[in-house]
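Please read the structure below before turning to the comments.
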Amino acid sequence: MAARGECTSSLISIKEFKLQFQELDLEEMAGEMNVSMEIMTDLTEVCSPSNLKCAAEPESLESIDIFKDQIPEGVELHSLRLLKERKGKLTSHKKEVNYIVKEVAPTKEPLAFEEVKTDEVILSVAIYHPRKQNKVQEFLVLGSQCLTELRDKIFCTADGMILGDHSENPDALSQPTAKENFKSGFFFIEGVFYNDRRDPLSRDYSKVIRDWAKDPQRRKCPGLGLFTSKRMEDVVFEDLKIRLGYPYLYCHQGNCEHLIIFTDLRLLDVDDERNANEYPLQVFKHRGKRLRCRVCDVYTARWVTINDALACEDPCFFCVTCFKGLHYTPDGEKICDFQAYPFVGDFDW
């Protein structure tokens with residue numbers, strides 16, 4: 001092995017490594033290409049970099065003010081008018097560009113800080129799609145939180161639906177959503193129904209199931225027994241008896257049933273969120289699949305029609321523009337008989 005001093009003396013200097021501009025010898029190039037000097041001279045003129053510029057092109061971009069000098073008055077092109085109206089100057093990449101920046105809507109205000117207890121227990125809860133049975137949401141919840149706090153964070157397209165036929169007046173969608181109308185729901189965990197009874201009009205969905213299971217003949221069936229019921233708002237996660245990886249049930253809107261699975265149970269870690277008000281903390285959300293309009297095949301479907309003679313299928317899905325343009329006159333009158341409902345698809349998960 002060579003000594004350290006010998007290694008340093010053999011290094012290539014930076015100046016030697018730099019590429020230097022060299023003039024091309026036309027005679028040598030003509031010989032290499034096996035062409036005459038006359039052809040070589042013509043090729044040099046045709047392939048010159050100076051031919052890449054047009055006659056009106058300026059030598060330097062720094063001398064251009066496109067918003068003032070290059071756009072004449074009274075232009076009809078919308079894009080050029082917008083450029084002229086913008087306040088700023090076209091500069092090279094080495095200079096700072098001063099454009100008008102559109103004001104961005106402020107983000108949501110941060111929640112008030114409340115320190116999580118050091119001995120707090122954290123559970124991971126996965127929520128599944130009611131039909132496809134794929135995971136759509138996952139939350140981290142604190143052991144000291146009520147079950148209702150998790151329920152309020154669960155999103156389902158069934159909650160966002162606006163009930164009723166709106167074909168007579170599609171612009172009047174000020175009615176409350178299904179979640180605002182029907183607030184009942186329950187968790188079924190280890191033989192106990194935890195019902196949400198915060199609203200006085202909420203129904204106990206589990207009563208008919210508990211009464212059905214009391215039949216002596218059915219009590220002989222495996223898995224059936226004397227089920228009990230508790231108020232969801234009075235129970236915290238630390239009070240639950242659960243099995244990790246075991247499927248439980250969340251039911252709302254009468255018959256919309258989601259599997260829920262507790263995937264992890266652990267103590268607070270140094271990398272966890274320290275603000276207790278951020279929990280239940282969503283750590284996963286399914287992107288969903290966008291359902292396109294059946295007419296334009298571009299925009300997202302926001303309406304679904306039934307018994308529609310103008311549609312290619314039943315039910316048929318439309319974006320807002322295609323729905324109104326196909327089914328209504330310019331005065332807003334229906335062209336034919338059909339039923340229309342606002343559509344909330346899996347894309348909104």
Side-chain angles (χ1 to χ4, degrees), residues 76-79 82 102 105 126-139 151-186 203 205 247 249-261 282 284-349:
E76 297 181 357
L77 294 178
H78 183 64
S79 58
L82 292 178
K102 184 179 180 180
I127 315 297
Y128 288 79
H129 196 280
R131 300 182 307 277
K132 302 177 182 179
Q133 301 305 322
N134 59 306
K135 183 172 71 171
V136 293
Q137 285 180 293
E138 186 170 359
F139 296 93
R151 197 218 164 174
D152 293 339
K153 287 293 186 73
I154 296 176
F155 176 81
C156 178
T157 54
D159 287 333
M161 293 181 179
I162 300 178
L163 307 179
D165 178 15
H166 291 77
S167 60
E168 296 296 338
N169 191 357
D171 295 325
L173 294 179
S174 59
Q175 299 180 10
T177 61
K179 185 176 183 179
E180 296 170 331
N181 278 326
F182 311 110
K183 301 180 180 181
S184 307
F186 68 79
R203 295 183 179 182
Y205 284 163
L249 179 67
Y250 165 58
C251 179
H252 67 126
Q253 299 300 327
N255 60 355
C256 187
E257 300 177 344
H258 302 255
L259 290 181
I260 62 171
I261 297 178
Q282 182 171 264
F284 173 80
K285 182 180 180 181
H286 179 56
R287 293 182 61 184
K289 183 179 180 181
R290 182 168 71 98
L291 186 61
R292 296 181 181 180
C293 172
R294 294 291 289 154
V295 175
C296 66
D297 197 31
V298 175
Y299 297 108
T300 304
R302 292 302 179 188
W303 286 92
V304 56
T305 62
I306 300 176
N307 300 325
D308 187 358
L310 300 177
C312 58
E313 58 189 21
D314 191 23
C316 194
F317 300 89
F318 302 90
C319 67
V320 175
T321 303
C322 294
F323 170 71
K324 293 183 178 180
L326 180 63
H327 295 91
Y328 298 90
T329 65
D331 297 331
E333 297 181 0
K334 289 176 61 175
I335 295 178
C336 63
D337 291 333
F338 62 91
Q339 299 168 13
Y341 304 89
F343 176 70
V344 182
D346 289 344
F347 178 71
D348 299 301
W349 273 88

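Computed from a prediction, not measured in an experiment: that's the story for all the values here. Values below: all heavy atoms of this structure, side chains included; hydrogens, waters and symmetry mates excluded.
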Minimum heavy-atom distance between G160 and T177, given as atom pair plus value: O-CG2, 4.0 Å
For D152, all residues meeting side-chain hydrogen bond (donor to acceptor under 3.5 Å, both in side chains), sequence neighbours excluded: R198
Chi angles and distances behind the side-chain contact (heavy atoms from CB on, under 4.5 Å) call for Y299, V320: CA-CA 9 Å; Y299 297 108; V320 175; over 6 Å; no
Atom pair CD (Q137) and SG (C156), whose distance is rounded to the nearest 0.5 Å: 9.0 Å
Mutual orientation of the aromatic rings belonging to F338 and H327 [parallel < 30°, tilted 30-60°, perpendicular > 60°]: tilted
K135 to F284, cation-pi by 6.0 Å centre distance and 45° axis angle: yes
pair D308-D314: side-chain heavy atoms closer than 4.5 Å: no
For the student: nearest non-hydrogen atoms of R290 and R292, plus distance: NH2-NE, 3.2 Å
Verdict with reasoning, W303 to H166, per side-chain contact (heavy atoms from CB on, under 4.5 Å): CA-CA 10 Å; W303 286 92; H166 291 77; 4.0 Å; yes
Nearest non-hydrogen partners of Y205 and G254, listed with the distance: OH-N, 3.3 Å
Spatial distance of atom OG1 (T329) from atom NZ (K334) [nearest 0.5 Å]: 12.0 Å
Atom CG of D337: over 12 foreign heavy atoms under 6.0 Å: no
F318 to A311 - nearest heavy-atom pair and separation: CZ-CB, 4.1 Å
Spacing of C319 atom SG and R294 atom CZ [to the nearest 0.5 Å]: 13.0 Å
S167 and D165 side chains, donor-acceptor separation under 3.5 Å: yes
Identified side-chain hydrogen bond (donor to acceptor under 3.5 Å, both in side chains) partner of H252 from the options H258, R151, K179: H258
Chi angles and distances behind the side-chain contact (heavy atoms from CB on, under 4.5 Å) call for F323, T305: CA-CA 9 Å; F323 170 71; T305 62; 3.7 Å; yes
Spatial distance of atom CD1 (I154) from atom CD (Q282) [nearest 0.5 Å]: 10.5 Å
CG on N181 to CE on M161, rounded to 0.5 Å: 13.5 Å
Closest non-hydrogen atom pair, N307 against Q339: ND2-NE2, 3.7 Å
Distance, nearest 0.5 Å, that separates CG of L249 from CG of L259: 7.0 Å
Sub-4.5 Å side-chain heavy-atom contact between E257 and C251: yes
Verdict with supporting geometry, F155 and V136, side-chain contact (heavy atoms from CB on, under 4.5 Å): CA-CA 9 Å; F155 176 81; V136 293; over 6 Å; no
Any Y341 side-chain heavy atom under 4.5 Å of P315 side chain: no
Closest contact, heavy atoms only, A178 versus Q253: O-NE2, 3.4 Å
